[in-house]
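What follows is a short report on a single structure.
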Amino acid sequence: MVPDKYRGGRCLTMRASGESGDNLSPIAPVEFESPVGQLLAQILRTHPHLLPAAVDQQLDNLQSDKNDQTEETPQSQDLLYKRIAEVKEKERQKTLEEIIYCLIVQKFVDNEISMIPKVTETSDPTGRVDFWPNQEQKLEFVHSPEAFEMIQSHLSLVLGDRMVGPLSTIVQISKIKLGKLYAASIMYGYFLRRVDQRFQLERTMKTLPEDFTKSQARFEDPNPGKQLWDPDSLIRIPPDDDDDGGGYEDAEGKQYRLRSYVMYLDSETLQRYATIRSKEAISLIEKQTQALFGRPDIRILDDGSLDTSNDEVVSLTFSGLTMLVLEAVAFGSFLWDAESYVESKYHFLKS
């Protein structure tokens with residue numbers, strides 16, 4: 001039985017390095033609600049090296065609980081039994097979500113990356129909210145070089161010509177737009193890790209296609225100009241630049257780039273790779289985004305239009321905006337990894 005001290009919503013915290021006592025700082029914005037989630041959060045905070053074994057144990061418990069329920073459920077369509085089964089399934093889903101989230105946070109901790117805290121008002125006279133550290137180099141190293149090349153293109157696409165200029169320049173952006181950017185970038189990171197794994201596997205097995213060329217271009221307009229985070233641009237792949245360098249070169253001197261490989265894939269495969277596989281992952285994207293930016297204040301007017309007049313506008317630098325996008329992409333990549341690991345131990349994905 002889980003001790004009472006683990007019950008109730010609790011934010012994942014970690015003791016600051018070199019400090020003693022009870023001075024704890026949050027390391028993830030989402031609060032845990034299930035007893036299992038809170039227990040794993042406590043283990044991650046105090047004994048992170050024990051988390052993998054604890055996760056495996058909890059997944060075994062989930063599987064046993066699911067098997068027991070299947071055996072106990074009668075064949076009759078009794079409404080009470082159906083209701084009990086639905087409640088237990090919702091509890092398992094919440095537990096599964098928080099197990100996956102713990103694995104994601106562990107990836108940030110292992111890479112010594114501080115997750116961005118909830119975006120709130122500050123006492124800064126300019127209204128800036130982005131006082132988190134610049135961790136671009138650490139966030140770069142969690143991806144393969146080929147994948148990070150595409151992430152840089154993603155930054156250019158979603159920020160457009162706003163990437164030009166001093167990184168200390170302050171811009172004002174609504175929280176709704178910021179949340180959309182963050183969520184969309186998580187999905188881009190999820191897609192990118194998925195397709196990069198296939199690319200790296202084919203590269204290792206020396207089965208990369210012979211006929212994907214630099215002249216292929218799935219999209220004609222790689223630059224959305226000033227349009228921030230246009231959803232249509234998020235999986236838009238600009239054609240390779242002959243003078244750009246980079247990519248993978250095999251023993252025969254042939255150069256392959258992940259960007260070219262993505263353009264080689266047919267539209268059906270691309271759509272499948274860009275689709276989030278589980279409702280648990282979709283829920284986590286929503287929870288992570290709302291934990292950072294709050295629930296959007298949107299009203300539907302009598303004429304059916306959306307009223308966003310109460311949306312809060314925040315100020316941040318281009319550097320801070322870049323960190324938000326890079327963290328979101330890393331979160332999406334870690335989400336794919338965590339979801340895949342959990343699936344290998346506890347089958348929950350629909351075929």
Side-chain angles (χ1 to χ4, degrees), residues 2 6 9-17 24-63 92-118 132-133 135 137-144 147 182 185-186 189-190 192-194 196-197 276-278 280-289 291-292 323-324 326-346 348-349:
V2 178
Y6 296 132
R10 178 168 299 191
C11 186
L12 184 52
T13 58
M14 181 165 282
R15 197 176 306 283
S17 176
L24 301 175
S25 57
I27 60 171
V30 173
E31 292 188 353
F32 290 82
E33 298 176 357
S34 74
V36 169
Q38 291 168 13
L39 174 62
L40 292 176
Q42 180 75 356
I43 291 172
L44 178 57
R45 181 174 69 84
T46 57
H47 301 88
H49 62 287
L50 298 178
L51 186 69
V55 165
D56 287 351
Q57 180 61 57
Q58 294 302 329
L59 292 174
D60 285 343
N61 293 347
L62 275 182
Q63 188 63 60
R92 277 196 297 270
Q93 182 183 343
K94 181 183 290 290
T95 298
L96 204 57
E97 283 180 18
E98 297 189 353
I99 288 174
I100 293 172
Y101 191 73
C102 261
L103 290 172
I104 293 170
V105 176
Q106 183 192 31
K107 287 267 192 176
F108 281 100
V109 172
D110 288 348
N111 286 281
E112 298 182 347
I113 299 171
S114 301
M115 295 184 73
I116 293 172
K118 181 177 180 179
W132 44 79
Q135 303 176 97
Q137 191 172 40
K138 291 180 181 179
L139 288 163
E140 174 182 351
F141 288 154
V142 304
H143 307 282
S144 70
Y182 192 89
S185 295
I186 290 177
Y190 184 95
L192 193 59
R193 179 60 64 99
R194 189 173 190 177
D196 187 39
Q197 282 188 352
I276 307 297
R277 295 182 296 178
S278 69
E280 289 82 4
I282 293 172
S283 176
L284 281 177
I285 293 173
E286 180 180 327
K287 288 179 178 179
Q288 172 70 10
T289 303
L292 284 175
M323 287 304 102
L324 271 173
L326 290 177
E327 178 188 275
V329 174
F331 188 98
S333 297
F334 296 158
L335 175 59
W336 166 263
D337 292 341
E339 185 187 56
S340 300
Y341 179 79
V342 170
E343 169 66 11
S344 72
K345 302 287 184 179
Y346 174 82
F348 71 103
L349 297 178

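By convention here, the first residue in the shown sequence is residue 1. The structure presented is a predicted model; accordingly, all values stated were derived computationally and were not measured.
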Go through the steps to decide whether V329 and L139 satisfy the test side chain to side chain contact (heavy atoms under 4.5 Å, CB included), and finish with yes or no. CA-CA 9 Å; V329 174; L139 288 163; over 6 Å; no

Please lay out, stage by stage, how D337 and I104 fare under the test side chain to side chain contact (heavy atoms under 4.5 Å, CB included). CA-CA 8 Å; D337 292 341; I104 293 170; over 6 Å; no

Just do the side chain to side chain contact (heavy atoms under 4.5 Å, CB included) check on R193 and H143 with the steps written out, would you? CA-CA 8 Å; R193 179 60 64 99; H143 307 282; 4.0 Å; yes

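When atom types are taken as modelled, the side chain of E98 and the backbone of S34 share a donor-acceptor pair closer than 3.5 angstrom. Judged by distance alone, the side chain of D196 and the main-chain N or O of L192 form no donor-acceptor pair under 3.5 Å.
Using a 4.5 Å heavy-atom cutoff, the side chains of H49 and H47 are in contact. Residues R277 and W336 meet the side-chain proximity criterion, which asks for heavy atoms closer than 4.5 Å. Contact annotation: the side chain of R92 never approaches that of E280 to less than 4.5 Å [non-hydrogen atoms, C-beta and beyond]. With a 4.5 Å cut-off on side-chain heavy atoms, Q58 and L39 count as touching. You'll find the side chain of E339 reaches within 4.5 Å of the side chain of L349, heavy atoms only. L62 is listed as a side-chain neighbour of I99, based on a closest heavy-atom distance under 4.5 Å.
For the atom pair Q106 CD and L51 CG, the distance stands at 4.5 Å (nearest 0.5 Å). Atom CD1 in I100 sits 15.0 Å away from atom CZ in F334 (nearest 0.5 Å). Between the CG atom in L50 and the CG atom in L40 there is a gap of 11.5 Å [rounded to 0.5 Å]. The line from CG of L324 to CG of L292 is 7.5 Å long, rounded to the nearest 0.5 Å. Rounding to the nearest 0.5 Å places CG of L103 at 11.0 Å from OG of S340. Here N111 contributes atom CG and Q135 contributes atom CD; the two are 10.5 Å apart, rounded to the nearest 0.5 Å.
Here the closest heavy-atom approach between residue V30 and residue Q288 is recorded as CG2-OE1, 3.5 Å. Between S333 and G189, the shortest heavy-atom contact is OG-O, 3.3 Å. Here the closest heavy-atom approach between residue A328 and residue Y182 is recorded as CB-O, 3.4 Å. Scanning both residues, K118 and A291, for their nearest heavy atoms gives CG-O, 3.3 Å. In terms of heavy-atom proximity, P133 sits nearest to M323 at O-CG, 4.2 Å.
With sequence neighbours excluded, no residue forms a side-chain hydrogen bond (donor to acceptor under 3.5 Å, both in side chains) with T95. Residues meeting the salt bridge (charged side-chain N to carboxylate O under 4.0 Å, His left out) test with E327, sequence neighbours left out: none. For F348, there are no ring pair (Phe, Tyr, Trp, His ring centres under 6.0 Å) partners at least two apart in sequence or on another chain. In this structure, D60 has no side-chain hydrogen bond (donor to acceptor under 3.5 Å, both in side chains) partners at least two apart in sequence or on a different chain. Remark: S114 pairs with no residue by the side-chain hydrogen bond (donor to acceptor under 3.5 Å, both in side chains) rule, at least two apart or across chains. Listed by chain and residue number, Y341 satisfy the side-chain hydrogen bond (donor to acceptor under 3.5 Å, both in side chains) test with D56 (two or more places apart in sequence, or in another chain).
By the 30° and 60° cut-offs, the orientation of the rings of F331 relative to F108 is tilted.
Remark: K287 engages E97 in a salt bridge, criterion side-chain N to carboxylate O under 4.0 Å.
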